[in-house]
Amino acid sequence: LTNASFLADAGFSGYELPSDWIGVVVFVVLCIMAVSLCTAWCYSPSNQMTLIAALANLLLAIPISNIFGVAGALNHNDLVVRECLGWYQLACLLVALYYTFLVVSEAMAPKVPKLATTPYLEAGDKEYPHEYVGCGKCGEVLSKSWFCSCKTCTDQKVGGCSAFELCHKCVMDHDKTHTVLLWEDDRCKGMVDWEATAQMNQAPEKEPLMPGHSG
């Protein structure tokens, strides 16, 4: 496949596949990358790892497919392999596009804070009574899939709002002097326990390297 006369006979005169040691090294590196990333995906599957593994396989399949494309000019079986590799590349591309969308969506979506709650029996299983949901502090329009409402601020008519809701960021500006309710999918999940929330979000202390030593 790296012989100029073979390429000329196959109808690919003027084009030559990498035949020196650099081309071999690049191809071996691509193989190692693809195998390593697929192995890493098996041990730690995630959207990011799936995207990386799909792109690595797509990158490796391109030169292999080109090799069989050249050989397919003289051998029908090689041409069949080339067509199969073409479908494989298409599958890798579709997987990469799908997981690119997921990764970008996760990166742009606001991070939901960790909130510990206690039961709030007054809310029961009722839906949230207001159609429009927006943060009373920063004005962000919220989705009913996740938001908080401050009963204290609502009762005090803070900002002249009939209901004082809070977004992912602004809810952490409140404290135990406020009665804050957590809502998910238009249902109240409970009242925020601020002390338990603070403990849950506290960074774990690093263990000393040796017993009795802190450094």
Side-chain angles (χ1 to χ4, degrees), residues 37-38 40-56 58 91-209 214:
L37 291 171
C38 289
W41 173 80
C42 293
Y43 281 95
S44 181
S46 65
N47 291 341
Q48 291 82 357
M49 284 304 304
T50 304
L51 174 59
I52 294 172
L55 291 175
L58 179 60
C92 289
L93 179 60
L94 293 177
V95 171
L97 288 174
Y98 174 73
Y99 279 94
T100 296
F101 172 77
L102 292 182
V103 170
V104 172
S105 299
E106 290 177 359
M108 298 181 65
K111 294 184 179 179
V112 178
K114 297 179 181 179
L115 299 176
T117 60
T118 57
Y120 189 74
L121 301 180
E122 294 183 24
D125 193 39
K126 300 178 182 178
E127 295 183 357
Y128 191 66
H130 303 279
E131 289 296 328
Y132 173 81
V133 181
C135 183
K137 188 171 183 179
C138 69
E140 178 184 350
V141 178
L142 305 175
S143 168
K144 285 192 174 183
S145 61
W146 194 103
F147 69 97
C148 290
S149 64
C150 180
K151 188 175 184 302
T152 304
C153 293
T154 299
D155 294 341
Q156 296 177 358
K157 302 294 182 181
V158 175
C161 302
S162 58
F164 197 91
E165 292 105 10
L166 294 163
C167 66
H168 305 77
K169 296 180 180 179
C170 296
V171 66
M172 301 307 292
D173 294 336
H174 278 48
D175 54 32
K176 61 183 179 181
T177 62
H178 294 256
T179 300
V180 177
L181 307 180
L182 172 63
W183 298 81
E184 292 181 359
D185 299 324
D186 215 15
R187 293 292 189 278
C188 181
K189 296 300 180 180
M191 181 175 61
V192 176
D193 184 336
W194 292 108
E195 293 184 0
T197 297
Q199 294 178 358
M200 186 168 57
N201 288 277
Q202 186 177 6
E205 297 182 359
K206 294 184 179 180
E207 298 182 357
L209 299 178
S214 59

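- Looking at Thr197, its side chain does come within 3.5 Å of a backbone N or O of Ala116 through a donor-acceptor pair.
- Judged by distance alone, with hydrogens and angles left aside, the side-chain atoms of Ser105 form a donor-acceptor pair with the main-chain N or O of Phe101 at under 3.5 Å.
- Within a 6.0 Å sphere centred on CH2 of Trp194, other residues, nucleotides and ligands contribute more than 12 heavy atoms.
- Here the closest non-hydrogen pair linking Ala163 and Tyr128 is CB-OH, 3.5 Å.
- In terms of heavy atoms, Thr117 sits closest to Leu182 at CG2-CD2, 3.9 Å.
- In this structure, the separation between SG on Cys167 and CG on Asp173 is 8.5 Å, given to the nearest 0.5 Å.
- The two residues Val171 and Pro113 come nearest to each other via the heavy atoms CG1-CG, 4.0 Å.
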Next item on the list: Evaluate the side-chain contact (heavy atoms from CB on, under 4.5 Å) criterion for residues Glu140 and Lys169: first the C-alpha distance (whole Å), next the side-chain angles of each, then the deciding distance (0.1 Å), finally the verdict.
Entry: CA-CA 10 Å; Glu140 178 184 350; Lys169 296 180 180 179; over 6 Å; no

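- Nearest approach of Cys148 to Leu115, heavy atoms of both residues: SG-CD1, 3.7 Å.
- Atoms CG and OG, from Asp186 and Ser143 in turn, are 9.5 Å apart once rounded to the nearest 0.5 Å.
- Of all the heavy atoms in Ser44 and Met49, the pair that sits closest is O-CG, 3.5 Å.
- Side chains of Lys151 and Met191 form no contact here, defined as non-hydrogen atoms less than 4.5 Å apart.
- By the 30° and 60° cut-offs, the orientation of the rings of Phe147 relative to Trp183 is parallel.
- In this structure, Asp185 contributes its side chain and Arg187 its backbone to no donor-acceptor pair below 3.5 Å.
- When the shell of 6.0 Å around OH of Tyr43 is examined, it contains 12 or fewer heavy atoms from other residues, nucleotides or ligands.
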Checklist line | Test log, rule side-chain contact (heavy atoms from CB on, under 4.5 Å), inputs Thr152 and Thr177 | finding: CA-CA 8 Å; Thr152 304; Thr177 62; over 6 Å; no

Note to self: Determine whether Met172 and Leu166 satisfy the following criterion, side-chain contact (heavy atoms from CB on, under 4.5 Å), listing intermediate values before the conclusion.
What the structure shows: CA-CA 9 Å; Met172 301 307 292; Leu166 294 163; over 6 Å; no

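- Using the six-membered ring where Trp is involved, Trp146 and His168 have ring planes that are parallel, under 30° apart on the 30 and 60° scheme.
- Residues Leu51 and Ala96 come closest through the heavy atom pair CD1-O, 3.3 Å.
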Margin query: Using side-chain contact (heavy atoms from CB on, under 4.5 Å), reason through His174 and Cys153 one step at a time and then give a plain yes or no.
Written below: CA-CA 10 Å; His174 278 48; Cys153 293; 3.6 Å; yes

